[in-house]
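Please read the structure below before turning to the comments.
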Amino acid sequence: MAQQQQISLPAKLINGGIAGMVGVTCVFPIDLAKTRLQNQRSGQQLYKNMMDCLIKTVKSEGYFGMYRGAAVNLTLVTPEKAIKLAANDFFRHQLSKDSGRLTVFKEMFAGCCAGMCQVIITTPMEMLKIQLQDAGRIAAQQRVMPSVVTALKIGGTSAVLSRSYNTSPASQVMRVSATQITRELLRTKGVTGLYRGLGATLMRDIPFSVVYFPLFAHLHQLGQHSLENPSVPFYWSFMSGCLAGSLAAVAVSPCDVVKTRLQSLKKGANEETYTGVVDCVRKILRKEGPGAFLKGASCRALVIAPLFGIAQVVYFVGVGEILLGYTPFFSFE
């Protein structure tokens, strides 16, 4: 068993990488719209909905403007997805050693542990991605309100990040790379700068994994041909991943709004700054009402559903195992 787990680790990494890259490529524009919708405040709304956001993004930033920050995701999504899926498998295996079966509580606990493991990669990945995704919204806001001057809230003055956008009508999105942001954060805040919003990320990813993995396991089990033949058709894995992912995503959407607000370094006109999770929740409730916690919820569901559907198909079909010459765990029936 130990040998099988050892040789399958590279396959898990390949599965996670392929699933993540395909999924991110397909749904990244929707994820960008989600970030911008979550960050805009009441009374300063530039975008009415997801489609309005995407149309305005293409008009002002071009087609590839919808993929700002995608390079960060494509780079780090391989280890992130591999850690999340492999950790869940590992903890499920450990928890089922004694009785040979998993209770719902144990499934939720395994998901909780997987969620805790993945934030090592997720937090800095989303920290960098959000800065790049939201730059266009701030530039667009300044074109609408020329008197706005944004300030960076990471302490100290940054030659890269604290420059104000040109507030003239011809203002363009300032091109700042993930490498520049990383260097500046490391210089001013150290490694902890990349882990800003870690608490909010845990608050989102642990409940997500607690809901997602048990729900997916039970939905996936419904697709088995029989007890004697437990194989599952690939389309059932996809549908199970989509449904479980979308439900879990909507359930933790308020936590995702808080995380996005905390990790956004640049602020637009009259936008609040937050000292922590509790302060963020209080200010959102007071100034924008409970409905603000569901901003971008539909976008997040549309992002997560195919992302995890694709991930589970690749993972359960065993694309990595096929590429490495191992026997895949599931067939294409």
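For Tyr195 (side chain) and Ile120 (main-chain N/O), a donor-acceptor pair under 3.5 Å exists by modelled atom type. Distance alone, capped at 3.5 Å, places no donor-acceptor pair between the Gln40 side chain and the Arg36 backbone. Judged by distance alone, the side chain of Trp236 and the main-chain N or O of Gln221 form no donor-acceptor pair under 3.5 Å. Using modelled atom types, one side-chain atom of Lys56 and one backbone atom of Leu46 make a donor-acceptor pair closer than 3.5 Å. Side chain of Ser209 to backbone of Ile206: no donor-acceptor contact under 3.5 angstrom is found. When atom types are taken as modelled, the side chain of Glu184 and the backbone of Lys189 share no donor-acceptor pair closer than 3.5 angstrom.
Across all their heavy atoms, Ile304 and Gly245 have their closest contact at CG2-O, 3.2 Å. Residues Asp279 and Tyr274 share a closest heavy-atom pair of OD2-CA, 3.3 Å.
Classified by interplanar angle (parallel below 30°, tilted 30° to 60°, perpendicular above 60°), the ring pair Phe208/Tyr212 is parallel.
Cluster annotation: Phe234 and Ile18 are assigned to the same hydrophobic cluster (Ile/Leu/Val/Met/Phe/Trp/Tyr, side-chain heavy-atom contacts under 4.5 Å, transitive). Val278 and Leu262 fall into different hydrophobic clusters, where Ile, Leu, Val, Met, Phe, Trp and Tyr side chains are chained together by heavy-atom contacts under 4.5 Å.
Partner Thr35 forms a side chain to side chain contact (heavy atoms under 4.5 Å, CB included) with one of Leu32, Leu37, Asn39 and no other, that one being Asn39.
A side-chain N or O of Glu107 and one of His218 form a donor-acceptor pair less than 3.5 Å apart. Donor-acceptor pairing under 3.5 Å is lacking for the side chains of Ser96 and Lys106. Between the side chains of Gln45 and Lys48, not a single donor N or O lies within less than 3.5 Å of an accepting N or O. Arg68 and Thr57 form no side-chain donor-acceptor contact under 3.5 Å, judged by distance and modelled atom types alone. With no hydrogens or angles considered, a side-chain donor-acceptor pair links Thr122 and Glu80 at under 3.5 Å.
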Review point. So Val314 and Val22, side chain to side chain contact (heavy atoms under 4.5 Å, CB included) or not? Walk me through it.
Key: CA-CA 10 Å; Val314 173; Val22 172; over 6 Å; no
